[in-house]
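Everything on this sheet refers to the single structure shown next.
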Amino acid sequence: MSDTETARYDFAQAEPHWQEQWEKAGCFTALDVPSGDRPKYYVLEMFPYPSGKIHMGHVRNYTLGDVVARYKRAQGFDVLHPMGWDAFGLPAENAARENKADPASWTYANIANMRGELQRMGFSLDWTREFATCDPEYYGQQQKIFLDFWKAGLVERRAASVNWDPVDMTVLANEQVIDGRGWRSGALVEKKKLSQWFLKITDFAPELLAGLDTLERWPERVRLMQENWIGYSQGADVVFPLAEPVAGIESVTVYTTRPDTLFGMSFLAVAPEHPVAKAVAETNAGALKFIAECASQGTSEAAIETAEKRGFATGLEVVNPLTGAKYPVWIANFVLMDYGTGAIFGCPCGDQRDLDFARKYGLPVSVVVAPSVDDVPVIGAKALDGAGVIVNSGFLTGLSTVEAKPAAIAELEKIGAGKGVTNWRLRDWGISRQRYWGCPIPVIHCEACGPQAVPDDQLPVKLPADVSFEKPGNPLDHHPSWSKVSCPVCGGEARRETDTFDTFIDSSWYFARFCSPRAASPTKLAAVNHWLPVDQYVGGIEHAILHLLYARFFTRAMEKTGYVTVKEPFAGLFTQGMVTHESYKDVDGGWLYPEQVVKSAEGATHRDTGLPVVVGRIEKMSKSKRNTVDPGAIVGRYGADTARWFVLSDNPPERDVEWTESGVQGASRFVQRLYRLAVSVAGERRVVQPAVIAGEAKKLRQQTHRTIAAVTEALESFAFNVAVAKLYELSGAISGASGDTDELLFARFEGADIIARLVAPMMPHLGEEIFARLRPELGLVALQPWPKADPVLLVLDEVTIAVQVNGKLRGTIIIPAGQAAELTLAAAEAAVASVLAGQSIVKKIHVPDRIVNFVVKP
RNA sequence: GUGGGUGUGGCGGAAUGGUAGACGCACCGGACUUAAAAUCCGUUGGGACAUAGUCCUGUGGGGGUUCGAGUCCCCCCACCCGCACCA
């Protein structure tokens with residue numbers, strides 16, 4: 001038995017070794033402003049929250065990005081691939097409360113641990129650019145940006161009804177309220193009036209919407225989600241005068257997208273929080289009771305689903321400006337105060353919900369939209385939504401619904417009863433949080449002078465270290481001295497703002513900071529001009545709206561304030577799927593970790609007790625379900641490359657991947673197989689190409705070069721699983737090609753050399769190890785150019801083509817590539833002669849080097 | 001409700017309108033071994049028959065376009081995701 005057959009790849013020794021070599025060679029460091037003429041490529045993965053340990057989702061995310069980074073480097077790009085930490089946020093405070101640790105030490109200890117874990121994965125990151133958002137050097141620059149936004153009119157302070165999370169004791173943005181509950185605590189959100197800072201994202205709503213069209217390398221569905229979130233709609237504000245004013249209110253304004261159906265009006269309904277509803281409640285006990293009932297109604301999805309459409313007739317009437325007729329005013333539980341004007345006009349003809357409401361309360365239903373003028377239906381239980389022609393509507397009658405809208409708006413504007421308006425669902429971004437572990441808002445409140453910017457020479461406003469978490473709420477409020485400052489304008493006693501920024505701000509510009517992370521100003525223009533936009537951003541779909549929309553807004557606001565010159569931060573976006581795993585429960589229904597479970601042909605049992613285990617659904621890895629696999633343990637047992645190879649190989653990266661032990665073992669087997677192959681081929685090294693190469697050797701060379709082409713194409717299109725398959729095939733072909741002629745040995749050597757280069761972006765350590773054995777004279781594979789397929793070798797000399805009769809496969813023939821049609825057809829006809837017997841050929845289809853199809857009839 | 005996506009062997013998945021099931025996993029059979037591990041080789045969509053072979057059938061269902069459809073078009077079904085009392 002020779003050495004090559006027993007050789008095993010010792011990843012535990014090799015991986016740290018190659019990581020050190022890369023570090024020594026500075027393979028992955030970039031310059032803020034490079035001088036060369038290589039094209040730039042900025043690869044970024046969404047930076048992690050330093051929770052303490054990396055999880056498989058991180059492994060997948062950063063492996064995907066790393067493949068791109070390494071591949072682009074080999075393709076000759078100057079690559080920026082940085083890493084940092086999204087380090088502010090609640091968990092650090094919770095840890096502080098629970099463990100008496102201070103948030104900063106807790107966070108930095110987690111960072112140190114996770115940095116080590118990421119480094120063991122062999123990601124080609126430029127660690128010289130690392131920062132954490134909780135570094136004063138970072139958040140101080142963020143404070144500068146905020147103050148510039150303020151100067152530019154992009155910041156407002158206003159008393160606003162905010163979403164108050166009673167458990168986390170903080171304000172939440174609309175985006176952070178999910179089904180009426182806090183996105184983190186899950187507590188029912190209350191409405192509360194507070195003075196808050198807002199960023200005027202709504203100023204950018206039209207741009208943010210239009211900009212989506214320029215993001216060609218974004219997933220369609222992310223663009224759609226953002227489009228829906230921004231929620232553009234066009235319609236009209238219509239003023240309905242009250243027949244009798246109530247509490248000084250003389251009219252109700254309604255926003256509608258269907259001014260063309262105003263003649264079909266049946267009622268007007270206002271939200272329970274609407275001023276008219278409140279005015280009525282002053283004197284009407286029934287209304288007061290109804291409003292109270294609405295307020296107690298849940299806003300969860302389930303509650304909305306089942307909630308009855310209910311109304312309360314106020315007895316008031318409004319005048320429809322187009323018809324001149326009077327209609328009743330209702331308070332309705334389904335009308336939302338924070339969309340449009342908080343009031344609607346009901347047109348049962350064209351809206352199912354209005355129809356249901358009208359039927360329930362016996363309100364009139366008149367038909368104003370019909371399929372055609374001659375086909376006016378009677379309305380039963382179903383409303384006639386959709387386009388058509390307007391009927392029974394005075395001057396609008398006969399117009400299509402599309403034509404009637406501008407006509408109705410024109411008339412409303414003419415008579416001064418309304419105007420065309422554009423409405424957005426997007427709200428301004430409330431950024432104040434009553435939290436300690438966040439970026440302090442750099443503002444000083446003076447009774448005499450009002451809120452003032454902290455002067456530049458006092459930045460950064462640093463968080464105090466000596467805080468107590470004994471009381472609920474914001475520790476900054478309880479600090480004895482931190483908030484006591486003097487007013488920068490009058491010098492009098494003043495109070496420092498104790499709110500901190502929403503942590504989404506921290507992640508809204510970090511990609512720009514990475515271009516010049518040590519700059520004395522937030523950005524260095526030469527650096528951001530060179531590197532931005534991010535060419536490829538990689539992260540989870542869960543950030544499709546919040547983070548990506550905020551970052552897009554921030555970039556535009558930074559462009560306006562001169563910090564960057566691009567409008568869109570991320571030219572390409574890739575959203576990867578989750579990492580899932582089977583879940584396990586013991587007989588008592590308790591969740592079990594995968595390592596506690598032994599699986600055999602008879603089923604699953606508990607490793608220690610031997611009791612049966614219930615194998616549950618395949619779900620996203622989560623601590624609560626205990627279906628997690630620790631990357632550290634996997635790297636220890638199989639090595640980083642095996643983990644990387646597995647997450648790439650199993651399925652397309654945009655889909656969820658199921659982590660399986662057998663899959664990992666398969667990946668590990670391939671690592672060893674490839675290593676043995678390389679060791680064996682290195683022993684028969686043939687670098688010089690023989691003059692003539694034919695037969696099997698030529699076939700192998702052709703496959704090698706086809707693999708170059710195929711892997712290149714697969715990596716370009718994020719089809720990493722396909723790239724993996726092609727590498728398996730080539731590896732099999734090399735080890736299958738036996739013989740010791742010079743030409744074959746050369747072909748085998750070339751194949752192994754190429755495979756080392758192609759595999760290196762995915763398994764960088766193994767790539768180095770085998771490349772060092774094959775081509776020790778060339779140094780690191782990380783510094784090698786990407787191989788190019790020889791076009792001559794991509795041309796096959798013989799092809800197997802299908803022969804069909806009436807479109808059904810009846811045989812195959814092997815012919816020289818590019819053979820003349822007559823010869824191919826003759827060979828094909830001979831091959832299927834028995835099928836053709838007794839039939840006459842009507843037509844012969846010949847697609848060169850592809851297929852022959854005979855169309856026959858008896 | 002609304003917008004989008006997906007549907008291919010036991011499983012994950014391949015497949016510029018041109019031989020469906022590449023590649024991996026699993027399974028089964030074999031080699032090596034005292035044995036195991038490791039490794040290597042081979043079979044495997046379903047079905048029928050005259051079983052070294054031949055034929056039928058097969059990409060959620062139904063139509064259509066085409067010499068030829070997993071792929072294009074229309075209708076339907078199922079599942080997944082996003083948004084949602086949005087006027």
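Numbers restart at 1 for each chain; the letters A, B, ... are given by sequence-line order, proteins then strands.
Across all strands shown, A:Y728 has heavy atoms under 4.0 Å from sugar-phosphate atoms exclusively, and none from any base. Across all strands, A:L224 comes closer than 4.0 Å only to sugar-phosphate atoms, never to a base (heavy-atom distances). Contact annotation for A:S649: no contact, since no heavy-atom pair falls under 4.0 Å across all strands. Residue-level contact check: A:Q804 touches the bases, meaning some heavy atom is under 4.0 Å from a base atom. Base engagement by A:V335 is indicated by at least one non-hydrogen atom pair under 4.0 Å involving a base atom. Counting any heavy atom pair closer than 4.0 Å across all strands shown, A:K844 reaches no nucleic acid atom. The residue A:V847 sits close to a base: some heavy atom pair falls under 4.0 Å. As judged by a 4.0 angstrom heavy-atom cut-off over every strand, A:R353 is placed among the base-contacting residues. Among the heavy atoms of the strands lying under 4.0 Å from A:N853 is at least one base atom, whether or not backbone atoms are also near. Using a 4.0 Å heavy-atom distance criterion, A:T800 is classed as a base contact. A:R223 comes within 4.0 angstrom of no nucleic acid atom, judged by non-hydrogen atoms across all strands. Across all strands shown, A:G663 has no heavy atoms under 4.0 Å from either base or sugar-phosphate atoms.
A distance of about 29 Å separates the C1' atoms of B:G12 and B:G3, rounded to the whole Å. Comparing B:U39 with B:A22, their C1' atoms are spaced 24 Å from each other, to the whole Å. Taking atom C1' in both B:G17 and B:C73, one finds a spacing of 13 Å when rounded to whole Å. If you take atom P in B:C76 and the same atom in B:C23, they sit 39 Å apart, rounded to whole Å. Straight-line distance between the C1' atoms of B:A20 and B:A31: roughly 33 Å, to the nearest whole Å.
Heavy-atom contacts from other residues, nucleotides or ligands closer than 6.0 Å to NZ of A:K419 number 12 or fewer. Around atom CD of A:E654, more than 12 heavy atoms belonging to other residues, nucleotides or ligands sit under 6.0 Å away. Heavy-atom contacts from other residues, nucleotides or ligands closer than 6.0 Å to CZ of A:R221 number 12 or fewer.
Taking atom CG on A:L727 and atom P on B:A14, their separation rounds to 16 Å, with Å as the unit. In this structure, A:D650 places its CG atom 10 Å from P of B:C25, rounding to the nearest Å. Taking atom CZ on A:R655 and atom C1' on B:G13, their separation rounds to 7 Å, with Å as the unit. The separation between A:K309 atom NZ and B:G1 atom P is 13 Å, rounded to whole Å. Atoms CD (A:E293) and P (B:C85) sit 21 Å apart, rounded to a whole Å. Distance CD (A:E273) to P (B:C85): 13 Å, rounded to an integer number of Å. Atom C1' of nucleotide B:U16 and atom CD1 of A:I851 are separated by 14 Å, given to the nearest angstrom. Taking atom CD on A:Q672 and atom C1' on B:A38, their separation rounds to 10 Å, with Å as the unit.
Checked against the 6.0 Å centroid threshold, A:F240 and A:Y327 do not count as a close aromatic pair. The aromatic ring centroids of A:W645 and A:F670 lie less than 6.0 Å from each other. Between A:Y638 and A:F646, the distance from one ring center to the other does not fall under 6.0 angstrom.
Taking only side-chain nitrogens and oxygens, A:K808 comes nearer than 4.0 Å to OP1 or OP2 of B:U57. The phosphate of B:U19 (OP1 or OP2) has no side-chain N or O of A:R810 nearer than 4.0 angstrom.
The CD1 atom of A:I813 sits 6.0 Å away from atom OG1 of A:T824, with the distance rounded to the nearest 0.5 Å.
Salt-bridge check for A:R637 with A:E661: passed, with a basic side-chain N closer than 4.0 Å to an acidic carboxylate O.
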Using Watson-Crick or G-U wobble pairs with both distances under 3.5 Å, give me RNA chain B in dot-bracket, 5' to 3', with [ ] for crossers and | for pairs to another strand. (((((((..(((.....[....)))(.((((.......)))).)(((((...)))))..(((((..]....))))))))))))....

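The base of B:U16 is paired with the side chain of A:R850 by a donor and an acceptor separated by under 3.5 Å. For A:K843 and B:C67, a side-chain-to-base donor-acceptor distance below 3.5 Å is absent, hydrogens and geometry of angles not being considered. Residue A:N228 places no side-chain atom within donor-acceptor reach of the base of B:C83, judged by atom type and a 3.5 Å distance cut-off alone.
The shortest heavy-atom contact between A:T422 and A:Y232 is CG2-CE1, 3.2 Å.
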